[in-house]
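By convention in this document, chain letters (A, B, ...) are assigned in the order of the sequence lines, proteins followed by strands, and residues within each chain are numbered from 1.
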There are 2 protein chains.
Amino acid sequence: MFSKACEYAIRASTYIALKSLEGTRVSLKEIAEKIDSPVAFTAKVLQQLSKNNIVDSVKGATGGFQISTQNISNIKLAQIVYAIDGNNVYEGCGLGLKKCNANEPCPVHDKFVQIRADLKNMLENTSLYDMTIGLEEGLTSLRR
Amino acid sequence: MFSKACEYAIRASTYIALKSLEGTRVSLKEIAEKIDSPVAFTAKVLQQLSKNNIVDSVKGATGGFQISTQNISNIKLAQIVYAIDGNNVYEGCGLGLKKCNANEPCPVHDKFVQIRADLKNMLENTSLYDMTIGLEEGLTSLRR
DNA sequence: ATTAAATAGGATAAAATTGTCCTATTTATA
DNA sequence: TATAAATAGGACAATTTTATCCTATTTAAT
């Protein structure tokens with residue numbers, strides 16, 4: 001459904017949000033460990049997220065990544081997915097047609113529209129804060 | 001959502017079904033033209049579909065691909081997707097975790113379960129015959 | 001000032017997916 | 001029987017995605 005890069009992006013952002021709520025900034029190394037992702041590749045993903053103002057990066061010793069409390073509540077998964085994978089998940093035709101819309105639909109257009117709408121709705125209504133609920137108590141996990 | 005191979009598989013199967021309903025067998029060349037796909041790559045996909053008994057292939061002059069009337073009604077999109085892309089679409093974790101289930105879920109497990117169930121349900125309830133409805137009259141399209 | 005720890009980013013490599021090419025085989029038909 | 005048209009399938013090539021490596025830059029702390 002999402003690219004690997006996007007999966008890492010969501011998991012990394014969620015972990016950064018979790019630690020930011022505790023008031024601590026986290027390093028790339030720690031993030032990659034905690035979400036079980038390749039370090040250097042995760043660095044690229046975090047660069048993208050930083051450029052898209054989804055995470056804040058601080059350079060230098062004691063630097064790392066963080067997200068403001070306000071943004072933890074405001075940033076939705078949809079923004080992260082869009083920043084990494086673009087709008088293909090939302091708009092692309094299920095059968096790969098370039099031109100597929102209500103006027104000239106593929107045979108499953110209407111059915112895909114519904115499913116994509118549900119997905120979009122979910123992504124637009126799930127904040128990073130929502131993602132962190134349950135993580136502390138170990139009810140949910142970002143690795144394995 | 002699906003691989004290119006799977007998109008071609010669904011479009012090709014649908015076109016073959018359409019022509020089989022008219023009582024004619026179709027060649028690889030014609031299929032690729034009508035669904036606007038790369039010929040040689042489509043050949044590989046059709047080989048897979050043939051091995052999985054989704055389409056029947058006939059070798060030699062006047063040969064080609066066809067689907068029995070019975071199978072046009074019975075074969076669902078789910079079988080095609082499974083034959084080409086495996087069960088990842090149905091079972092894979094939305095965030096890419098290898099182990100993600102009700103016991104040890106990722107933060108969006110429940111939400112993804114719902115969306116995937118809807119997708120699965122749609123794929124399991126859409127037959128190739130369903131796919132052909134509207135194609136003849138030009139209400140739907142398999143190319144562009 | 002030096003050092004060490006951190007992100008930024010360019011270059012490159014590996015892997016997976018997508019796509020092409022060529023030959024073998026099959027089979028209807030002239 | 002020879003030919004032409006079709007699928008089967010192996011080998012290879014191109015592209016995209018994923019991943020790694022190395023150097024530059026920034027910055028806190030000694």
Using a cut-off of 6.0 Å, state whether more than 12 heavy atoms not belonging to Phe2(B) lie near its atom CZ.
yes
More than 12 foreign heavy atoms under 6.0 Å from OH of Tyr129(B): is that the case here?
no
Write down the distance between [atom1] ([X]) and [atom2] ([N]), rounded to a whole number of angstrom.
X	N	atom1	atom2	value
Arg11(B)	dT18(C)	CZ	P	13 Å
Gln66(B)	dA6(D)	CD	C1'	13 Å
Asp85(B)	dA16(C)	CG	C1'	13 Å
Asp56(B)	dT27(C)	CG	P	14 Å
Phe41(A)	dA11(C)	CZ	P	18 Å
Ile16(A)	dA6(C)	CD1	C1'	14 Å
Leu28(B)	dT20(C)	CG	C1'	13 Å
Gln48(B)	dG19(C)	CD	P	16 Å

When only distance counts, do a donor and an acceptor, one from the side chain of Lys44(A) and one from the base of dG10(C), lie under 3.5 Å apart?
yes
Return whichever of Lys29(A) or Ala5(B) has its heavy-atom-nearest nucleotide of DNA chain C closer to the 5' end.
Lys29(A)
With DNA chain C as reference, determine whether Gly63(A) or Val39(B) sits nearer its 5' end, using the nearest nucleotide of each.
Gly63(A)
Go through the side-chain N and O atoms of Gln114(B) and Asp118(B) and say whether any donor and acceptor fall under 3.5 Å apart.
yes
Pairs meeting criterion side-chain hydrogen bond (donor to acceptor under 3.5 Å, both in side chains) with involvement of residues 54-76 of chain B, two or more places apart:
Arg25(B)-Gln66(B)
For Thr42(A) and Thr62(A), take the nucleotide of DNA chain D holding the closest heavy atom to each; which residue's nucleotide lies nearer the 5' end?
Thr42(A)
Are any of [X]'s side-chain N or O atoms less than 4.0 Å away from OP1 or OP2 of [N]?
X	N	answer
Ser57(B)	dA8(D)	yes
Gln47(A)	dA8(C)	no
Tyr8(A)	dA19(D)	yes

Please pick, from [options], the nucleotide with the shortest atom-to-atom distance to any side-chain atom of [X].
X	options	answer
Ala61(A)	dC21(C), dT18(C), dA28(D)	dA28(D)
Pro38(B)	dT7(C), dT25(C), dG19(C)	dG19(C)
Ala40(A)	dT18(D), dG9(D), dC21(D)	dC21(D)
Lys59(A)	dT18(D), dA8(C), dT20(D)	dA8(C)
Lys4(A)	dT20(D), dT18(D), dG9(D)	dT18(D)

Are the side chain of Asn121(A) and the backbone of Ala117(A) linked by a donor-acceptor contact shorter than 3.5 Å?
no
